[in-house]
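A short write-up of the structure that comes next.
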Amino acid sequence: MLWYFRGIGKRKIVEFVLLAAFILFFAGPLLNLVVLAFSGQWAYPDLLPNQWSLRWWRFVFQQDDVVQSIGLSFLIASIVTVLSIVICIPAAYAFARLRFPFKRMFLFSFLLTHAFPKMGLYVSIAVLFYKLGLMDTLLGVILIHMINVLMFMTWIPTASFRSVHAAQEESARDVGASPFRVFRSITLPMAMPGILVASIFTFLNSLDEAQGTFLVGMPNYKTMPIIMYSIITDFPSSAGAVFSIILTAPTILLLLLSQRFVSADVMSSGFQVK
Amino acid sequence: GSANTNASSGGSASAPAPASSSASPSKADTVKFDFYFSGSQNVKDLWDTLIPMFEDQNPNVKVNAVYIPSGTDNQTYNKVLAAKKAGKGSGGIDLVEDGIVTVTQGQEDDVWEKLSAGSIANLANVDAQTMTDAGNMAIPYRSSAVILAYNSEKVATPPKTMDELLAWIKANPERFAYNDPSTGGAGSSFVQTVLYKDLPADAIHSSDPAIMEQWKTGFDELKDLGKYVYGEGIYPKKNQGTLDLLNSGEVDMIPAWSDMVLQQLAADQLPASTKMVQMTPGFNGGPTYLMVNKQSEKKDAVYQFLNYVLSPEAQTVIVDKMNGFPGIEVSHLSQEVQDKFKGVIEGFRTFNLGDLGTEINKRWQSDVAAQ
Amino acid sequence: MIKGRKEAVLGLIMVSPAFLLLLIIVVLPIVQTFVVSLHSEDGGYDLSRYAFLFTDRLMRMNIVFTLKVTVISSLLVLLVSYAMALFMSFSSGKLVDLIRKTYMIPLFIPGVIATYGLINLLGNHGWLSRMLLPLGIALPRLIFDEKGIVIANLWFNIPFTTMLLTSALAGIPASVIESAKDIGAGRLSVFLRVIFPLSYKTFLVALTFVFMSVIGSFTAPYLLGPNSPQMLGVSMQQVFGIFREQEQAAAMAVFTFLLCSVLGYFYIRSMAKDEAARM
Amino acid sequence: MSIQLSIRGMAKRYKTGEGVSDINLDVRKGELITLLGPSGCGKTTVLRSIGGFLKPDAGDILIEDRSVIALPPEKRPTSMVFQSYNLWPHMSVYDNLAFGLQIRKKPKAEIRESIADVLRLVRLPGAEKKSPAQLSGGQQQRVALARSLLLKPAVLLLDEPFSALDAKLRHEMREELREIQSQTGLTMVFVTHDQEEALSLSDRIVVMNHGRIEQIAAPQNIYNEPESLYVAQFIGKMNFLEGVVEADVIRVGELAVPNAKRLAGPAAVVAVRPEDVNLDSGIKEGLPGAVKQIMVLGHYAEVSVNLGKHGIIRSFQSKDAAQALSLGQHVRVSFAKVTSFPKE
Amino acid sequence: MSIQLSIRGMAKRYKTGEGVSDINLDVRKGELITLLGPSGCGKTTVLRSIGGFLKPDAGDILIEDRSVIALPPEKRPTSMVFQSYNLWPHMSVYDNLAFGLQIRKKPKAEIRESIADVLRLVRLPGAEKKSPAQLSGGQQQRVALARSLLLKPAVLLLDEPFSALDAKLRHEMREELREIQSQTGLTMVFVTHDQEEALSLSDRIVVMNHGRIEQIAAPQNIYNEPESLYVAQFIGKMNFLEGVVEADVIRVGELAVPNAKRLAGPAAVVAVRPEDVNLDSGIKEGLPGAVKQIMVLGHYAEVSVNLGKHGIIRSFQSKDAAQALSLGQHVRVSFAKVTSFPKE
Ligand SMILES: Nc1ncnc2c1ncn2[C@@H]1O[C@H](COP(=O)(O)OP(=O)(O)OP(=O)(O)O)[C@@H](O)[C@H]1O
Ligand SMILES: Nc1ncnc2c1ncn2[C@@H]1O[C@H](COP(=O)(O)OP(=O)(O)OP(=O)(O)O)[C@@H](O)[C@H]1O
Ligand SMILES: [Mg+2]
Ligand SMILES: [Mg+2]
């Protein structure tokens with residue numbers, strides 16, 4: 001055994017150990033979910049279920065709200081992502097590049113959205129929404145999703161914008177690009193990895209949001225996590241496992257597809273010049 | 001599964017069009033009100049059965065039942081409260097189903113309507129004491145019992161009294177578990193029963209803070225018990241938490257809601273060897289309440305519905321479906337049902353400790369959990 | 001300075017949509033909550049709710065426990081995430097590609113479900129213990145213990161933090177790292193002296209996010225953690241939802257926020273610093 | 001010809017205390033002006049101020065008689081080739097070049113054609129699809145040059161645009177630049193550290209020192225009549241000898257040179273270019289010295305002669321003449337042409 | 001002397017198809033080798049391979065007889081001055097310089113002192129506290145040079161280290177480099193595009209073309225005896241004329257030059273350096289031509305003469321001789337020295 005490891009070199013061993021740790025830690029719970037999703041009976045201490053079954057798959061798909069709610073969730077998540085990009089990216093750019101009064105205070109205020117536990121805020125928020133006529137509206141749901149991500153969408157892109165070299169922007173100004181054009185063609189693409197991260201997060205966060213959606217959207221906007229909550233609290237974990245697989249699959253597909261289109265690895269390799 | 005035959009509760013899911021009842025009464029004489037309830041699948045099944053029955057008999061009232069998945073149920077109350085604070089009336093919520101905590105909270109915030117037999121005739125069938133305990137603001141339309149569930153393969157002769165149970169726990173370390181009392185009624189019932197084990201019988205209807213003095217021996221007992229329960233002091237969260245342990249064979253005995261055990265047995269989620277036993281004196285049970293939003297503009301229709309819910313006909317359905325106890329006194333039900341409860345109902349007790357329930361949880365948290 | 005004023009106005013305009021949204025939906029309710037937290041038991045206004053946080057034995061335990069779990073989790077998360085981000089940014093091969101493609105997947109799993117997955121995996125009779133049973137290894141208690149919370153925090157936070165740090169590393173030109181290697185810097189020196197300082201700002205952002213999400217977390221510590229001491233998030237839920245002490249819960253929320261602000265402050269200060277240096 | 005670019009009393013001071021001051025310069029239309037000076041003297045600072053990337057603390061900048069001092073870079077009719085290329089790493093060469101034209105809303109076909117043209121011009125035909133990271137240093141520099149050339153600005157600012165190019169390419173580029181200039185009347189401000197380039201390319205040279213302008217003149221004048229010791233030192237090679245002023249002449253040992261500038265004395269510095277240093281082995285006149293080193297540099301040779309207390313003097317000789325000399329040989333040194341400066 | 005660096009059969013091909021191949025080179029200890037070649041010929045590629053930043057596709061690299069091909073850059077006893085300086089933007093000049101020494105665990109006092117020394121050497125005394133962004137291009141380049149010098153590597157790799165420096169500073173730096181080399185016996189591989197620099201500085205020159213080595217020889221040999229037409233073209237200025245091989249001689253119009261290389265013919269290329277082109281107005285011999293252009297370049301002048309069907313030939317003349325000529329004047333052209341190559 002030892003000679004084998006010596007033969008394949010230190011680097012390979014390190015990689016192997018890393019992979020094992022990675023799989024055990026991250027994939028473990030996921031694999032567990034997959035197995036669980038197809039299990040009928042699973043007694044201790046058996047390594048695998050003693051009985052396989054598709055029962056919970058049938059069950060989840062029979063829930064008549066499921067398909068609709070998935071559609072609604074994706075719709076809302078898309079709108080939320082686009083809207084927060086539109087609103088937050090300019091702010092992030094301003095934080096990164098412009099000087100204006102109270103800048104630090106503004107930037108700090110975005111911390112509130114996330115650092116302040118929302119549990120105690122829901123009643124006040126609901127009162128406000130009633131007054132503004134946002135209760136039971138799509139806009140209301142979108143807004144409540146957006147406040148969850150305001151901070152991500154400002155802070156992360158701010159950090160990304162700041163890492164773009166001023167010199168590259170200068171040469172774009174030089175060829176006659178207006179500040180906006182410079183932003184669009186130079187700064188934005190170069191800050192893209194960070195913005196992409198923030199956007200993915202926004203999208204997922206919106207897909208996962210239940211409390212606020214319920215408060216503002218029920219009974220008209222029943223999103224996926226709301227259905228999910230009832231399934232996982234009332235049914236054995238197998239049903240939850242099935243649901244999370246259904247829920248995860250389209251997003252992962254999207255991710256893989258986008259990786260192909262968003263040129264190989266914007267995320268990982270970045271742009272490097274000698 | 002999907003016994004969703006009722007159009008009014010199923011169809012409103014995600015249609016963006018506002019289906020609010022106040023806006024669109026379909027016929028001049030038809031009133032449609034909104035009813036928010038939460039709970040497990042069996043609760044949903046119950047209402048899916050009861051509401052059509054009611055609507056058949058009362059064509060002028062339509063009930064829009066909104067099922068609130070657990071996990072988000074706190075928000076129903078938040079919504080009612082917020083609508084009131086914003087001056088927006090009922091906020092589209094006319095009738096709410098929930099536990100005692102929400103009832104008490106609503107009394108403080110003044111959001112529930114006071115109810116009387118004048119508007120709901122069948123209220124007379126309900127135990128007057130229970131109504132008073134709830135400040136006449138909530139109807140205990142059904143009750144469930146907490147029982148002792150155990151693995152009959154491991155436990156041949158289950159304990160019959162509290163003292164026997166305590167002895168069993170100490171004799172079989174780490175084979176018993178009760179859930180954190182602030183996260184579920186089964187655990188809370190166990191804790192309260194231990195605390196009131198040696199107190200006068202009527203103490204369970206008193207919310208007089210003076211009695212707190214006398215909890216000491218009970219809490220000492222619970223503290224001591226910590227060493228013998230599952231994981232030497234682990235109290236799972238929620239009623240389901242202990243059921244999971246029983247299911248996986250990590251413990252042999254737990255206090256649990258009878259309806260949950262029955263339902264999960266039926267669904268193969270618990271091993272067939274699981275059995276139930278009620279002790280004497282029994283664990284306290286707990287009613288589930290229906291509250292009318294004070295801001296509601298459709299109270300008459302709501303009362304009509306509540307009246308039906310408290311009718312013997314509806315209560316019989318409830319008893320069948322929920323494996324629970326009726327909200328009205330058993331004497332009003334059919335003989336058949338009465339027979340079914342013979343021997344069980346005696347052991348069934350309801351505690352009405354008011355705010356003391358919260359005090360117990362707090363003290364448990366600091367004395368028992370954090371010992 | 002005309003130009004300065006124009007810039008100021010432009011900046012304010014660009015920030016205002018996001019800020020207005022924030023102001024109305026978040027800041028105002030928070031101010032209300034803050035006011036609520038100042039209500040004392042007897043109807044007046046004072047700081048008794050805050051004093052309670054430090055005088056009550058249970059609360060003190062909870063706070064210490066929360067800080068301990070949060071600090072440990074944050075440190076581990078950042079450690080692992082940096083390692084992964086570096087590995088993915090500066091290595092190549094099939095393995096890296098595989099990890100690059102899959103490490104984000106946990107982000108897509110709803111928190112509650114993942115928590116159940118973790119319970120099923122790590123629990124006393126969970127998958128892991130079943131796997132280790134034939135080998136004769138007994139797991140220490142992971143579930144209903146702070147280890148469980150830490151593991152869950154790692155699971156939930158590492159993918160996102162890694163993603164964030166990877167994006168920051170993408171901005172570091174290879175040339176800068178090359179020249180560090182050239183002068184003989186080993187991996188550790190390159191990291192400490194070049195990569196870390198150049199990704200410091202994103203690091204602070206990541207730290208703040210991890211810290212916040214751990215300190216305010218509810219689902220995982222609720223389902224995986226011990227009964228006592230509790231994480232602040234769980235305790236807050238109990239105080240607010242079960243004990244119905246809105247004022248006390250508000251004070252806890254404000255306190256949590258103050259803890260997070262400390263980290264936020266570092267990020268903003270570091271930004272201000274290099275702004276001053278740029279002129 | 002009309003004045004295309006005018007810099008008036010410009011000053012810029014960085015926080016560190018460095019910077020430029022008192023910059024006055026008029027550039028005529030179609031003129032190529034070179035900024036020459038040692039590293040760190042402020043050449044880039046002047047160029048960046050013209051381009052709009054630095055806000056001067058004082059002074060004005062006019063292009064075609066309009067003050068541009070308040071305009072942002074994109075509104076100025078200038079284009080700059082930066083000292084450090086500044087290509088956009090996320091764009092291909094084509095996109096790097098097309099960007100400015102797209103902003104000017106040029107039709108696509110025209111863009112494609114002019115890019116192909118300019119790439120041929122900078123000797124990188126067919127490089128459109130490459131990314132900047134795939135180019136060598138000199139190739140990147142040429143792409144940066146191409147990017148600015150494409151825009152046909154009123155004033156082209158070039159910050160050492162040929163510093164990474166070999167002699168041959170540099171020559172070709174110079175000629176292309178001249179060609180373009182003669183066709184389009186482009187006005188250029190050119191920074192270089194290469195004297196030969198400055199001397200051969202410029203219409204006028206601006207010599208800078210420590211953030212100030214020392215002299216502005218045509219190449220020949222700068223070379224032949226440096227106004228200050230500094231310029232003399234900086235441009236071309238120059239020997240400096242100490243002399244004693246004696247009314248009409250300045251005496252260096254046995255040699256007397258005319259005191260053309262009527263310096264006051266008592267001491268003065270006599271400057272002689274190496275090519276003006278004659279070496280003779282026969283004659284009696286001149287300073288005596290011994291050949292110390294002979295270095296053949298391509299088509300000529302540099303001969304160093306030790307003059308004893310007058311130090312070492314360098315002389316350029318043709319290869320043949322140099323090969324006739326031998327190390328240690330005694331020679332007499334005389335000067336064909338000298339300049340003199342007051343001793344500092 | 002012993003071989004310090006040895007490159008054997010190295011090849012590296014980029015995805016785009018460019019690269020280098022068949023690189024064989026031995027560098028002796030204490031030697032300064034220059035890589036010379038046009039932009040994009042692969043100089044940086046070779047240097048980066050030696051430094052360990054590129055993994056060659058084939059071949060081996062040995063330093064002090066040990067193969068380093070498998071070592072990462074930080075383990076190689078080399079240090080590189082990068083073409084684009086690569087200073088660490090977040091560190092002060094001091095920290096940039098100190099980093100390498102700190103890794104080598106030098107005591108603090110020693111670090112401080114050697115940094116002060118090396119900064120004086122690159123003419124930036126007292127710049128410790130500045131940040132790279134506060135330096136001019138040339139200053140940054142000098143800091144990068146200082147950084148590598150401090151480490152006293154076994155092999156110093158310099159990628160156009162003086163490209164941003166003015167002539168004066170460049171001369172000083174060259175001399176400092178020579179000085180250091182004579183003191184420490186440093187081995188250097190030097191990339192430059194400046195021929196004069198290569199000719200005056202190197203022990204040997206490696207001329208590269210299109211990713212291959214064309215010739216390796218001492219500067220004088222490269223200049224006087226270029227092995228190929230390409231080298232002749234690239235190094236120094238050179239006139240090329242077509243000739244006809246006639247056994248022992250090659251005939252160019254009325255002129256016959258010896259066929260020293262015994263070329264086969266029928267056609268050959270005759271190459272003459274401008275300084276070997278004699279212009280006479282009196283004699284009958286030589287090719288007849290007319291003066292086309294006189295360009296005075298510092299201490300010498302370039303005179304172009306139109307030879308009719310033989311094209312235009314350039315000649316270097318002393319300033320005086322050139323000034324005696326006038327445009328259009330008829331002259332006879334003869335050659336002091338020629339080389340010949342087969343016609344391609
Ligand atoms: N952003 C800055 N902050 C502080 N000092 C600076 C800054 N930029 C340049 N300097 C200093 O100002 C002086 C002039 O710099 P500049 O870049 O104009 O020089 P340069 O003539 O272009 O030199 P080089 O030929 O080396 O590029 C230098 O001493 C430099 O150190
Ligand atoms: N990363 C790369 N990917 C693809 N091609 C490259 C890459 N780096 C360099 N090349 C190509 O390889 C050839 C040699 O490049 P190299 O940088 O070695 O040239 P160089 O001799 O240093 O030129 P210069 O004097 O312009 O710096 C060039 O044609 C260049 O376009
Ligand atoms: Mg410069
Ligand atoms: Mg190069």
Side-chain angles (χ1 to χ4, degrees), chain C residues 82-83 85-94 96-97 165 167-207 266-279, chain E residues 44 47-55 71-92 95-106 111 129-134 140-141 143-159:
Chain C
Y82 246 126
L86 287 170
F87 182 58
M88 287 192 294
S89 301
F90 301 113
S91 302
S92 54
K94 279 214 183 76
V96 185
D97 280 346
L165 290 174
S167 84
L169 295 188
I172 300 179
S175 58
V176 169
I177 292 161
E178 278 184 352
S179 50
K181 286 188 175 166
D182 180 67
I183 59 131
R187 279 159 204 271
L188 190 67
S189 310
V190 172
F191 174 73
L192 289 179
R193 298 290 302 273
V194 179
I195 295 177
F196 183 72
L198 286 174
S199 53
Y200 179 63
K201 243 162 259 106
T202 308
F203 164 81
L204 278 180
V205 174
L207 177 63
F266 281 112
Y267 171 57
I268 288 164
R269 198 189 60 168
S270 88
M271 266 188 57
K273 238 197 215 157
D274 70 21
E275 204 140 278
R278 264 207 309 172
M279 246 334 253
Chain E
T44 299
L47 225 54
R48 287 172 62 87
S49 302
I50 303 174
F53 303 106
L54 274 179
K55 215 186 127 26
L71 295 181
E74 66 270 22
K75 297 258 171 67
R76 297 196 184 188
T78 57
S79 182
M80 182 147 168
V81 180
F82 291 83
Q83 193 167 7
S84 50
Y85 330 153
N86 288 2
L87 297 182
W88 299 299
H90 60 293
M91 294 185 190
S92 67
D95 290 335
N96 263 283
L97 296 176
F99 190 21
L101 297 176
Q102 283 161 354
I103 283 167
R104 285 164 181 71
K105 304 238 182 325
K106 291 276 150 67
I111 293 181
K129 291 233 179 67
K130 293 199 178 173
S131 91
Q134 292 176 330
Q140 289 182 36
Q141 197 171 40
V143 173
L145 176 64
R147 184 169 65 182
S148 285
L149 284 179
L150 267 179
L151 301 179
K152 307 203 171 70
V155 177
L156 183 59
L157 309 168
L158 303 113
D159 201 348

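First the proteins, then the strands, lettered A, B, ... as listed; each starts at 1. For the numbers below, each heavy atom of this structure counts, side chains included, while hydrogens, waters and symmetry mates do not. Because the structure is predicted, anything quoted here is derived from the model rather than measured.
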*At a heavy-atom separation under 4.5 Å, does E:Pro72 approach chain C through its side chain, its backbone, both, or neither?*
neither

_Nearest heavy-atom neighbours spanning C:Ile183 and E:Ile103_ = CD1-CD1, 4.0 Å

Give the atom names and distances for all donor-acceptor pairs closer than 3.5 Å across chain C and chain E.
from: C:Ser175; atom 1: O; to: E:Asn86; atom 2: ND2; distance (Å): 3.2
from: C:Val176; atom 1: O; to: E:Trp88; atom 2: NE1; distance (Å): 2.9
from: C:Glu178; atom 1: OE1; to: E:Arg48; atom 2: NH1; distance (Å): 2.9
from: C:Glu178; atom 1: OE1; to: E:Arg48; atom 2: NH2; distance (Å): 3.3
from: C:Glu178; atom 1: OE2; to: E:Arg48; atom 2: NH2; distance (Å): 2.6
from: C:Ser179; atom 1: OG; to: E:Asn86; atom 2: O; distance (Å): 3.1
from: C:Ser179; atom 1: OG; to: E:Trp88; atom 2: NE1; distance (Å): 3.3
from: C:Lys181; atom 1: O; to: E:Glu74; atom 2: N; distance (Å): 3.4
from: C:Asp182; atom 1: OD1; to: E:Met80; atom 2: N; distance (Å): 3.1
from: C:Asp182; atom 1: OD2; to: E:Ser79; atom 2: OG; distance (Å): 3.2
from: C:Asp182; atom 1: OD2; to: E:Met80; atom 2: N; distance (Å): 2.7
from: C:Ile183; atom 1: O; to: E:Arg104; atom 2: NH1; distance (Å): 2.7
from: C:Ile183; atom 1: O; to: E:Arg104; atom 2: NH2; distance (Å): 3.0
from: C:Arg193; atom 1: O; to: E:His90; atom 2: NE2; distance (Å): 2.7
from: C:Arg193; atom 1: NH1; to: E:Gln102; atom 2: OE1; distance (Å): 2.6
from: C:Arg193; atom 1: NH2; to: E:Gln102; atom 2: OE1; distance (Å): 3.2

_Atom CZ of C:Phe196 with >12 non-hydrogen neighbours under 6.0 angstrom_ = yes

_For E:Phe82, which atoms come within 4.5 Å of any heavy atom of chain C: side chain, backbone, both, or neither?_
side chain

